[in-house]
Amino acid sequence: YFFDVRATKDDDYFLTITESKKIFDDYGNHSFKKHKIFLYKEDFEKFQDALVDTLGYIIKNKGLDILPSK
């Protein structure tokens with residue numbers, strides 16, 4: 001996943017989240033398939049709230065063992 005901060009024409013920031021997946025054809029050749037999400041300032045708070053709630057639910061139900069060791 002790639003997270004990029006971009007600016008609109010009005011110099012407001014937005015976030016681009018890109019998922020890049022390696023895919024293979026029948027001959028073993030690979031290419032990348034990309035999916036992008038554009039997150040604009042009017043949705044920052046809703047997105048943050050949903051992410052915090054979702055991660056909180058996972059940690060509450062599965063514990064901190066799901067987090068990778070550093």
Side-chain angles (χ1 to χ4, degrees):
Y1 292 90
F2 300 93
F3 293 77
D4 298 297
V5 176
R6 309 277 182 176
T8 65
K9 292 177 186 175
D10 295 331
D11 207 31
D12 284 328
Y13 288 138
F14 67 96
L15 174 66
T16 303
I17 303 170
T18 305
E19 176 192 42
S20 182
K21 289 181 139 183
K22 188 185 279 190
I23 57 172
F24 295 91
D25 65 17
D26 294 339
Y27 304 102
N29 301 313
H30 74 273
S31 61
F32 292 92
K33 186 173 186 179
K34 295 182 181 181
H35 297 96
K36 289 188 179 246
I37 296 173
F38 297 93
L39 187 64
Y40 296 97
K41 68 179 183 179
E42 58 268 16
D43 296 318
F44 288 170
E45 189 174 353
K46 289 186 281 186
F47 183 85
Q48 180 180 8
D49 291 346
L51 182 61
V52 167
D53 289 349
T54 304
L55 294 176
Y57 176 85
I58 293 169
I59 291 168
K60 177 182 169 193
N61 288 283
K62 291 294 182 183
L64 292 174
D65 334 344
I66 62 147
L67 300 176
S69 301
K70 288 187 177 184

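Of all heavy-atom pairs spanning A7 and D11, the tightest one is CB-OD1, 4.0 Å.
Annotation: salt bridge (Lys or Arg N to Asp or Glu O under 4.0 Å) contacts involving residues 29-49, sequence neighbours excluded, comprise D12-K41, D43-K46. For residues 35-65, every residue pair satisfying the ring pair (Phe, Tyr, Trp, His ring centres under 6.0 Å) rule, not counting sequence neighbours, is listed here: F14-Y40.
Going from atom CG of D4 over to atom CG of L15 covers 8.0 Å, rounded to the nearest 0.5 Å. If you take CD1 on I17 and OH on Y1, they are separated by 9.5 Å, rounding to the nearest 0.5 Å. For the atom pair I23 CD1 and N29 CG, the distance stands at 11.0 Å (nearest 0.5 Å).
Residues satisfying the side chain to side chain contact (heavy atoms under 4.5 Å, CB included) criterion with K22, sequence neighbours excluded, are F24, H30, F32.
More than 12 heavy atoms of other residues, nucleotides or ligands shown are found within 6.0 angstrom of CD on E19.
Residues L39 and L51 fall within the same hydrophobic cluster, defined by Ile, Leu, Val, Met, Phe, Trp and Tyr side chains chained together at heavy-atom separations under 4.5 Å.
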